[in-house]
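For reference, the structure is listed below as structure tokens.
In the text below, chain A, chain B and the rest are named by the order of the sequence lines, each starting its count at 1.
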Amino acid sequence: MAATLRTRISDWIRQGLVAAQEAGDLPAFEVPPVVVERGRREEHGDYASSVCLKLAREARMNPLEIARRVVAHLPEVDFVGRVEAVKPGYINVWLDERWLAVQVESILEAGESFGALDLGRGQRVQVEFVSANPTGPLTVGSARNAVLGDTLASVLAAAGYEVEREYYVNDAGSQVRKFGESVYARYAEALGESAPFPEDGYRGQYVADLGRELAEEAGRRYLEMEYKEAVRAIARWAVDRVLEWIRKDLADLGVHFDTWRHERSFYEEGLFDKVLGMLRERGYVVEYDDAVWFRHPDLEKDAVLIRSPKVIPEPSERPTYLASDVAYLWDKLVERGFDRAIYIWGADHHGDVPRVKAAAKALGVDPDRLVFILYQLVTLWRGGEEVRMSKRSGEFVTLRDLLDEVGPDPIRFMLLARTADAPVDFDLDLAVEQSERNPVYYVQYAHARIASILRHAQERGWSLDEPADLSLLHHPSEMALIRKMLELPEVIEQGARKLTPHFLPFYAQELAATFHAFYRDCRVVSSDPADADLTRARLRLVRAAKSVLARVLHLMGMTAPERM
RNA sequence: GCCCCCGUGGCUCAGUUGGAUAGAGCGUCUGGUUGCGGACCAGAAGGUCGCAGGUUCGAGUCCUGCCGGGGGUACCA
């Protein structure tokens with residue numbers, strides 16, 4: 001399966017167009033891309049194209065007449081059963097039902113690789129996501145980030161990209177230092193000493209726990225060190241501890257990273273100095289007010305700060321946010337040579353996008369190779385009321401809380417089933433509710449139901465691996481199910497092209513619904529000996545449906561339960 | 001002020017580079033299983049796609065203005 005049905009039909013119609021031109025039935029003109037969409041109504045076929053409407057002006061012909069001539073020149077292909085030119089000038093295409101029936105076998109053969117495309121042609125893409133500050137547990141917002149990034153990565157991999165998942169660890173800069181100071185203070189307290197608690201420090205309970213843990217582990221060692229040095233060491237220790245939590249939470253959510261890139265390394269390895277030098281050479285750096293600024297004509301502001309002693313006095317540490325971003329983009333696109341770098345950011349960072357893009361330009365890197373997916377905020381609801389979250393009051397729902405209360409599957413599904421552009425209202429009551437109002441179970445139920453049918457069949461002595469005469473499949477509900485399964489590659493194509501994984505949960509629901517309707521109409525395991533061949537064919541069909549359902553669920557990072 | 005996102009049936013949301021009568025779930029109403037999982041299925045009611053212009057054969061989709069909601073506009077990340 002290298003191309004979607006839609007592309008094959010598009011190519012096919014293009015062939016008809018060209019053939020019509022060569023035969024002199026159509027005037028010579030450049031053939032535009034043949035847009036093919038799914039027929040919205042039964043009488044519009046499985047696929048439909050409106051190219052002829054677009055061509056009417058250039059060809060100076062009635063669009064319907066164009067369509068007729070194109071149809072007359074369409075070559076024979078096995079997957080098309082019927083084609084017609086209608087009303088204003090559409091070309092409607094119906095798939096061949098015998099061909100459809102046979103696809104069941106190819107779906108089964110493909111298994112977990114069904115829907116794989118080579119859209120990416122092996123291009124290397126990095127998806128960098130979550131990347132939350134390692135100064136505390138992950139929040140619900142990070143969960144949305146994680147789910148989006150991880151699923152997008154899966155979709156891109158399915159579409160033929162070579163994908164790497166990366167977590168960017170912000171372990172340089174003022175927040176980490178402040179975190180270190182906070183832990184230091186709690187650590188000192190645990191040992192009966194008093195230490196100044198930093199202004200705007202981290203006040204969560206976990207900070208106190210870390211302080212106590214450190215006191216038990218290290219004793220008075222850090223108290224005897226020079227303060228700044230102790231803070232630096234403690235910060236490293238505490239960041240490592242927090243990263244362990246983060247890693248665990250993400251693993252429980254089903255998210256795994258290939259690489260963890262540490263911001264600090266940009267400074268330790270001299271990458272930042274190198275990139276800053278390049279910017280300076282190219283004239284994009286100005287200095288005034290005792291600080292270093294990045295300037296670029298694309299920016300609305302005169303300049304953006306790169307380094308200032310007022311932010312970070314320590315030259316060895318990260319100067320500003322942008323400074324690291326500039327070093328990082330160079331690291332991604334040049335040093336490590338990714339063709340594309342995808343960033344998953346909260347929409348509150350949208351203002352930084354033009355800066356990073358401008359920096360890329362300044363460094364001579366094509367800014368289009370940087371892609372930013374911005375997602376809106378998540379608000380939690382419980383008992384019909386918004387759950388207010390505030391880190392200061394310590395009353396915020398962590399990803400850990402959510403995992404303990406809801407479990408990974410509903411979290412993933414519900415955070416996925418919305419465009420990134422729209423804010424998410426996460427209804428805690430609904431997420432845990434096991435009812436028809438909860439779409440998560442609707443999809444998983446279809447999978448479990450098929451598993452149950454297969455168990456039932458085996459108990460009755462049916463073999464599941466037996467070949468079958470698939471041409472016996474022709475019931476409308478059988479055909480609908482096959483058609484729906486064959487849509488998966490197109491869902492993957494859309495998701496990879498538009499970088500919008502939210503198509504998956506919608507498709508999953510449709511597939512489940514199509515299966516349930518089939519189940520109503522068609523008995524799979526028949527006890528009538530006369531139906532033996534049909535039973536065999538339907539068992540193949542149902543196995544294929546189970547496989548595709550599992551495939552979608554796995555793409556979404558969810559489980560496909562055998563029973564529930 | 002400026003920048004970004006959103007505004008589609010009662011509610012939550014889809015809508016494939018502009019296409020044929022705008023879709024789904026939930027909710028409401030009505031109905032369905034003497035056989036494979038009723039966490040299921042079928043049918044019905046319900047929408048001037050925020051408002052006003054514009055672009056064209058054709059606009060929920062593109063452009064402009066306005067209204068309403070959210071976010072951003074730090075020498076924080």
Pair A/Arg261 + A/Asp331: basic N to acidic O under 4.0 Å: yes
Mind telling me whether A/Trp260 and A/Tyr167 have parallel, tilted or perpendicular rings, with 30° and 60° as the class edges? parallel
Whole-Å gap separating P (B/rA20) and NZ (A/Lys87): 10 Å
Mate of B/rU64 where both pairing distances stay under 3.5 Å, Watson-Crick or G-U: B/rA52
Can you say whether a donor on the side chain of A/Arg497 sits under 3.5 Å from an acceptor on the base of B/rU16, or the other way round? no
Report which part of the nucleic acid A/Arg460 touches: base, sugar-phosphate, or nothing (heavy-atom distance under 4.0 Å, all strands). nothing
Categorize A/Val35 for me: base, sugar-phosphate, or nothing, with a 4.0 angstrom heavy-atom threshold over every strand shown. base
Does B/rG19 have OP1 or OP2 sitting under 4.0 Å from an N or O in the side chain of A/Ser50? no
For A/Ala457, which contact category applies under a 4.0 Å heavy-atom criterion: base, sugar-phosphate, or nothing? nothing
What integer distance in Å separates A/Leu299:CG from B/rU73:P? 16 Å
In whole Å, what separates the P atom of B/rG53 from that of B/rU12? 28 Å
Check every strand shown and say whether A/Asn92 touches a base, only sugar-phosphate, or nothing at a heavy-atom separation below 4.0 Å. base
State whether A/Lys546 and A/Glu562 are salt-bridged, where the test is any N-O pair (Lys NZ or Arg NE/NH1/NH2 against Asp/Glu carboxylate O) under 4.0 Å. yes
Is the ring centre of A/His350 under 5.5 Å from the base ring centre of B/rG71, and are the two planes under 30° apart, so that they stack? no
B/rU61 and B/rG7: how far apart are their C1' atoms, nearest whole angstrom? 14 Å
Considering every strand and a 4.0 Å limit on heavy-atom distances, what is the contact class for A/Cys522: base, sugar-phosphate, or nothing? base
Of the candidate nucleotides B/rG23, B/rG37, B/rA77, which contains the atom at the shortest distance from the side chain of A/Arg41? B/rG23
Can you see if the side chain of A/Tyr442 gets near the phosphate of B/rC41 - specifically, an N or O under 4.0 Å from OP1 or OP2? yes
B/rC66 to B/rG25 separation - C1' atoms, rounded to the nearest Å: 34 Å
Would you say A/Asn170 and A/Gln175 are linked by a side-chain donor-acceptor pair, where the criterion is simply a distance under 3.5 Å? no
Within less than 4.0 Å of OP1 or OP2 of B/rG35, is there a side-chain N or O belonging to A/Ser526? no
Does A/Arg536 come within less than 4.0 Å of A/Asp533, counting only side-chain N to carboxylate O? yes
Residue A/Glu466 excluded, over 12 heavy atoms near CD under 6.0 Å: yes
Does the pair A/Asp352/A/Arg355 count as a salt bridge with the N-to-O cut at 4.0 Å? yes
What verdict does the ring-ring contact (aromatic ring centres under 6.0 Å, His included) test give for A/Phe372 and A/Tyr343, after you've listed the backbone C-alpha separation in whole Å, the side-chain angles of each residue and the deciding distance to 0.1 Å? CA-CA 5 Å; A/Phe372 296 86; A/Tyr343 296 71; 4.5 Å; yes
Rounding to a whole Å, what distance do you find between A/Leu377:CG and B/rC4:C1'? 12 Å
Go ahead and name the base partner of B/rU17; Watson-Crick or wobble counts if both distances stay under 3.5 Å, otherwise write none. none
Gap in Å between the two C1' atoms, one belonging to B/rG46 and one to B/rC29, rounded: 12 Å
Separation of the P atoms in B/rG37 and B/rU16, to the nearest angstrom: 39 Å
Hey, what do you get for CD (A/Glu181) to CG (A/Asp200), rounding to the nearest 0.5 Å? 11.0 Å
Same-atom distance (C1') from B/rA45 to B/rG69, integer angstrom: 30 Å
Any idea how A/Trp345 and A/His349 line up, ring-wise: parallel (<30°), tilted (30 to 60°), or perpendicular (>60°)? tilted
Output a table of nitrogen or oxygen pairs between the protein and nucleotides 7-14 of chain B separated by less than 3.5 Å.
{"residue": "B/rU12", "atom": "O2'", "partner": "A/Arg418", "partner atom": "NH2", "Å": "3.4"}
{"residue": "B/rA14", "atom": "OP1", "partner": "A/Thr419", "partner atom": "N", "Å": "2.9"}
{"residue": "B/rA14", "atom": "OP1", "partner": "A/Thr419", "partner atom": "OG1", "Å": "2.7"}
{"residue": "B/rA14", "atom": "O3'", "partner": "A/His502", "partner atom": "NE2", "Å": "3.4"}

Applying a 4.0 Å non-hydrogen cut-off, can you work out what A/Lys54 is touching in the nucleic acid: base, sugar-phosphate, or nothing? base
Pairing nucleotide - B/rC26, Watson-Crick or G-U, each distance under 3.5 Å: B/rG10
Comparing nearest nucleotides in RNA chain B, the 5'-proximal residue of the pair A/Leu374, A/Arg563 is A/Leu374
Charged N to carboxylate O under 4.0 angstrom, A/Arg483 versus A/Asp46? yes
Residues within residues 508-520 of chain A bordering RNA chain B, heavy-atom distance below 4.0 Å: A/His516, A/Tyr519, A/Arg520
Ion pair A/Arg38/A/Glu487, N-O distance below 4.0 Å: yes
Tell me, yes or no, whether the heavy-atom count around A/Glu42 atom CD, taken from other residues, nucleotides or ligands under 6.0 Å, exceeds 12. no
Work out how far the P atom of B/rU21 is from that of B/rG58, and round it to whole angstrom. 14 Å
Among B/rA77, B/rG19, B/rU16, the one nearest any side-chain atom of A/Arg6 is B/rU16
Side chain of A/Ser174 (C-beta onward), nearest among B/rA20, B/rA77, B/rG37: B/rA77
Separation of A/Asn133 atom CG from B/rA77 atom C1', in whole Å? 5 Å
Opposite nucleotide pairing with B/rG1, Watson-Crick or G-U, both atom distances under 3.5 Å: B/rU73
Round to a whole Å and report the spacing from CZ of A/Phe294 to P of B/rC75. 16 Å
Using a cut-off of 4.0 Å on non-hydrogen atoms, how would the nucleic acid contact of A/Pro33 be classed: base, sugar-phosphate, or nothing? base
I need the CD-P distance between A/Glu42 and B/rA20, as an integer number of Å. 17 Å
When you measure only distances, ignoring hydrogens and angles, does the side chain of A/Asp521 come within 3.5 Å of the base of B/rA42 through a donor and an acceptor? no
Rounded to whole Å, please give me the gap between CG in A/Leu454 and C1' in B/rC36. 10 Å
Is A/Glu487 touching bases, backbone alone, or none of the nucleic acid, heavy atoms closer than 4.0 Å? nothing
Using whole Å, report how far CD of A/Glu199 lies from P of B/rC76. 13 Å
What is the nucleic acid contact for A/Ala48, judged by heavy atoms within less than 4.0 Å: base, sugar-phosphate only, or nothing? base
Using a distance-only criterion (donor-acceptor N/O pair, under 3.5 Å, no hydrogens), is the base of B/rG37 paired with the side chain of A/His456? no
For A/Asp352, report the nucleic acid contact type (base, sugar-phosphate, nothing); a contact means any heavy atom under 4.0 Å. base
Looking at every heavy atom in both A/Ala341 and A/Lys332, which two are closest together, and how far apart are they? CB-CD, 3.7 Å
Could you work out the separation of B/rA22 and B/rG47 based on their P atoms and round it to a whole Å? 13 Å
